[in-house]
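Heads up: the structure comes next, in structure tokens.
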Amino acid sequence: MIGVAVLWEACTRAFDLPPYVLPSVTQILAAIATQHEALLKAARLTIMEAVCGFLLGACAGIVFAVVLTMLPRARQVLLPLATALNSVPVVAYAPLILLWFGVGPESKIVMVALAVGFTVFLHALAGLDRVDPRVVDLMRSFGADRAAILWRLRLPAAIPLTAAGMRVSTVRAMIVAIVTEMLGATGGLGWTIFQAVLQIDFVQVWSAIFVASGASLLLFGIVNLLERRYVFWK
């Protein structure tokens with residue numbers, strides 16, 4: 001990252017690039033320092049939306065995967081429907097979500113929950129299915145029912161893959177929150193970027209992008225740390 005920043009700074013100075021084409025790193029950092037209060041306020045709102053949507057979507061995805069695992073007949077009907085819904089970019093649902101939930105944080109939380117829920121659901125379902133059928137038969141021969149097999153075999157086997165899906169979803173959560181804010185919001189980093197574009201202030205655009213990248217790396221690092229700490233057996 002330091003090497004990219006140095007190369008970026010050197011190119012902007014060597015080619016004398018105007019800020020609307022590509023501002024230098026020093027210009028961006030100076031803008032962040034000057035407007036840090038507004039950027040931090042926007043970042044707090046976006047992070048809140050991303051975290052709330054992430055938690056809601058992860059829980060919903062895990063529960064849905066468990067339900068379909070326990071109900072094979074329902075899985076035959078609902079899994080193709082979920083796959084079809086997931087094949088459409090989540091952003092395509094943004095106009096409807098904004099219409100239903102308004103331009104407040106609620107619509108961003110719902111959008112993030114949809115994006116994260118699909119990803120975690122598919123990972124959790126794959127993890128629940130990744131068990132040796134012979135072990136399942138052995139447990140059944142000892143009188144284990146579906147609930148016991150789920151609790152003692154399927155869930156432990158699914159945790160590593162589910163955790164990987166949650167780790168991947170952290171970045172997606174921030175992206176969806178920012179994009180939805182750009183489509184309709186009263187605050188947040190996405191709203192800041194959109195307003196800066198309207199004002200042709202591209203240094204401010206890059207400042208918000210830098211802050212958003214830092215927030216995404218922070219969330220990713222926290223989830224990755226928790227995964228390494230508690231999913232040690234993978």
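All of these numbers come straight from a predicted model, not from anything done at the bench.
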Aromatic ring proximity, centroids under 6.0 angstrom, Y20 and F202 | no

Could you go step by step and tell me if D201 and V203 meet the side-chain contact (heavy atoms from CB on, under 4.5 Å) rule?
-> CA-CA 6 Å; D201 186 358; V203 176; 3.9 Å; yes

Decide yes or no on side-chain contact (heavy atoms from CB on, under 4.5 Å) for T170 and F54, but give the supporting numbers first.
-> CA-CA 7 Å; T170 54; F54 175 83; 3.9 Å; yes

How about Q204 and T192: does a side-chain donor come under 3.5 Å of a side-chain acceptor?
-> no

With no hydrogens and no angle check, do the side chains of R75 and T69 hold a donor and an acceptor under 3.5 Å apart?
-> no

Side chains of F15 and L22: does their closest heavy-atom pair fall under 4.5 Å?
-> no

Does the side-chain contact (heavy atoms from CB on, under 4.5 Å) test come out yes or no for I209 and S213, once each step is laid out?
-> CA-CA 6 Å; I209 291 174; S213 299; 4.2 Å; yes

Between the side chain of E181 and the main-chain N/O of K108, is any donor-acceptor distance below 3.5 Å?
-> no

Looking at V66, L79, V120, which one forms a side-chain contact (heavy atoms from CB on, under 4.5 Å) with L125?
-> L79

For the side chain of E9 and the backbone of S24, is there at least one donor-acceptor N/O pair under 3.5 Å apart?
-> no

Can you tell if the side chain of V136 reaches within under 4.5 Å of the side chain of R154, non-hydrogen atoms only?
-> yes

Have Q35 and S207 got a donor and an acceptor in their side chains that come within less than 3.5 Å?
-> no

Salt bridge (Lys or Arg N to Asp or Glu O under 4.0 Å) pairs, two or more places apart, involving residues 27-55 = none

May I ask you to test the L114-I97 pair for a side-chain heavy-atom distance under 4.5 Å?
-> yes

